[in-house]
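Working notes for the structure below.
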Amino acid sequence: MNRKCAVNWKLGLQQLYTLHRKKAKVIFRNDALMLERLALTGTMPRAYVVWLETVCRFYKETQESNLQAQMSRLRISPEEIQQGNTLITELEIARADYLREKGESQDATRQKDEIFAQLDAWIRDLYDVARIALEDKTQLLAVLLK
C-alpha cells in the first residue's frame with residue numbers, strides 16, 4: 001500500500017471525526033468532565049501520532065451505550081461510531097504498510113549506494129592500472145579514458 005492510500009484513509013477519518021467532534025462539543029458543552037474525557041477541549045492536534053491518539057480516544061469512549069444515546073440527539077449513530085473505529089483500524093494498517101515500504105525503499109537505496117561506491121573504487125583501480133600499463137601507448141590510454 002502506498003503513501004497516497006494512507007493519506008486517503010486519513011482524510012476519510014478526518015472528515016468523519018471533524019463532524020463528530022463538532023456535534024459532540026455541542027452535545028456536551030455543559031459537561032466539562034465529558035469534554036475532557038472525549039478529548040474535545042482545546043484545538044485538534046496537528047501532529048499525526050497525537051491526532052490519531054485523540055481520535056482513537058474519542059471513538060473508544062463513545063462506544064459506551066449511554067454516550068451513544070446522548071450522541072444520537074445530533075444524529076451520530078452507533079454505526080457511525082463503528083465506522084470511525086473501522087477507519088482507524090484501516091488507517092493503522094495502511095500506515096504500517098506505508099512505513100514498511102518506505103523502510104524497504106530506503107534499504108534498497110542504501111544497498112544501491114554501497115554497490116555504486118564499490119564499483120567506483122573498482123573503476124578507479126582499473127584506470128590507475130591502465131595508466132601504468134599503457135604509459136608508452138598514449139593513444140590507447142586516451143581512448144580508454146574518454
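Here the structure is a predicted model, which means the values were calculated and not measured.
Note on residues 111-144: no pairs pass ring-ring contact (aromatic ring centres under 6.0 Å, His included), not counting sequence neighbours.
For Asp120 and Arg124, the salt-bridge test passes: some basic side-chain N is under 4.0 Å from an acidic carboxylate O. Using a 4.0 Å cut-off between charged side-chain N and carboxylate O, Arg110 and Asp113 make no salt bridge.
Considering CG of Asp97 and CD of Glu101, their distance stands at 6.0 Å, rounded to 0.5 Å. Put simply, CG on Leu91 and OH on Tyr48 are 3.5 Å apart, with the number rounded to the nearest 0.5 Å.
Every residue two or more places apart in sequence or in another chain that forms a side chain to side chain contact (heavy atoms under 4.5 Å, CB included) with Arg73 is listed here: Ile27.
Hydrophobic clustering, with ILVMFWY side chains joined whenever heavy atoms are under 4.5 angstrom apart, groups Val26 together with Phe28. Linking ILVMFWY side-chain heavy atoms closer than 4.5 Å, directly or via other members, places Tyr59 and Val50 in two distinct hydrophobic clusters. Under the 4.5 Å side-chain heavy-atom criterion for grouping Ile, Leu, Val, Met, Phe, Trp and Tyr, Leu19 is not connected to Met71 through any hydrophobic cluster.
Closest approach of Leu67 and Thr62 over heavy atoms only: CD1-CA, 4.1 Å.
Listed for the Ser77 side chain is a donor-acceptor partner under 3.5 Å among the backbone atoms of Glu80.
There is a side-chain donor-acceptor pair under 3.5 Å between Asp107 and Gln111.
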Using a 3.5 Å cut-off and no angle test, enumerate the donor-acceptor pairs between side-chain atoms of residues 29-42 and protein atoms at least two apart in sequence or in another chain.
from	atom 1	to	atom 2	distance (Å)
Asp31	OD1	Leu33	N	3.4
Asp31	OD1	Met34	N	3.2
Glu36	OE1	Thr41	OG1	3.3
Arg37	NE	Glu61	OE1	2.6
Arg37	NH2	Glu61	OE1	3.0
Arg37	NH2	Glu64	OE1	2.9
Arg37	NH2	Glu64	OE2	2.3

